[in-house]
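Below: one structure, written as structure tokens.
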Amino acid sequence: GSEMCIRDSNNREVNLHNRFLVADEKGPFGSPITDSTRTAVDRNTKNAILIIFSPQDFDNDILQKEMDFFCERVIEICGGEMTDSFILQN
């Protein structure tokens with residue numbers, strides 16, 4: 001695989017070249033279409049990042065409400081706490 005590819009949950013290689021993606025110092029780990037097996041959540045997961053991709057012209061007030069709702073549901077089902085929330089604009 002190349003540095004712009006990830007393995008999805010079905011162990012398929014997904015090329016993210018010229019696509020929106022999220023990455024860390026080890027390389028890409030997700031996109032609007034798939035997440036990588038490297039960052040998969042399991043019973044031992046202690047920290048997670050929840051990302052919502054939206055169109056650039058999406059209303060920020062609505063987006064914030066949706067983010068809050070999403071976080072509330074994850075906390076309700078999985079436990080934990082939210083430590084930060086922000087809208088990153090291109």
Side-chain angles (χ1 to χ4, degrees):
S2 77
E3 62 186 38
M4 293 308 297
C5 292
I6 61 172
R7 291 261 170 217
D8 70 8
S9 60
N10 294 315
N11 203 30
R12 292 179 300 209
E13 189 173 87
V14 178
N15 188 329
L16 299 177
H17 183 71
N18 287 330
R19 297 188 183 188
F20 292 108
L21 61 89
V22 273
D24 61 14
E25 64 279 350
K26 295 179 183 177
F29 62 82
S31 75
I33 58 169
T34 190
D35 295 323
S36 74
T37 54
R38 177 171 68 87
T39 57
V41 174
D42 64 23
R43 293 182 183 272
N44 297 314
T45 300
K46 300 292 182 206
N47 298 298
I49 182 173
L50 307 175
I51 299 173
I52 300 173
F53 290 90
S54 73
Q56 191 171 6
D57 60 351
F58 199 84
D59 183 272
N60 282 348
D61 291 333
I62 295 172
L63 183 58
Q64 185 64 54
K65 288 178 186 174
E66 294 298 324
M67 286 175 24
D68 293 343
F69 178 77
F70 184 40
C71 288
E72 288 169 10
R73 288 295 158 256
V74 170
I75 292 168
E76 178 182 313
I77 295 167
C78 302
E81 63 182 295
M82 180 175 63
T83 59
D84 201 358
S85 172
F86 58 91
I87 297 173
L88 178 64
Q89 296 186 337
N90 185 347

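- One finds the NZ atom of K26 at 10.5 Å from the OG1 atom of T39 (value rounded to the nearest 0.5 Å).
- There is a path of hydrophobic side-chain contacts, each under 4.5 Å, that joins I49 to F20.
- D24 CG to F29 CZ: the interatomic distance, rounded to the nearest 0.5 Å, is 5.5 Å.
- Note that OG1 of T83 is 8.0 Å distant from CG of N47, once rounded to the nearest 0.5 Å.
- No side-chain donor from either of T34 and S31 sits under 3.5 Å from a side-chain acceptor of the other.
- Taking Ile, Leu, Val, Met, Phe, Trp and Tyr as hydrophobic and joining them when side-chain heavy atoms fall under 4.5 Å apart, one finds L88 in a cluster with F86.
- Between the CD1 atom of I52 and the SG atom of C71 there is a distance of 7.0 Å, given to the nearest 0.5 Å.
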Distance-only donor-acceptor hits, side chain of residues 59-66, under 3.5 Å, sequence neighbours excluded:
{"from": "D59", "atom 1": "OD1", "to": "D61", "atom 2": "N", "distance (Å)": "3.0"}
{"from": "D59", "atom 1": "OD1", "to": "I62", "atom 2": "N", "distance (Å)": "2.9"}
{"from": "N60", "atom 1": "OD1", "to": "Q89", "atom 2": "NE2", "distance (Å)": "3.1"}
{"from": "Q64", "atom 1": "NE2", "to": "D68", "atom 2": "OD1", "distance (Å)": "3.0"}

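- Environment of CZ in F58: crowded, with over 12 heavy atoms of neighbouring residues, nucleotides or ligands closer than 6.0 Å.
- Two residues are said to be in side-chain contact when any heavy atoms from C-beta on lie closer than 4.5 Å; M82 and V74 fail this criterion.
- Looking at heavy atoms from C-beta onward, V22 lies out of side-chain contact with P28 at the 4.5 angstrom threshold.
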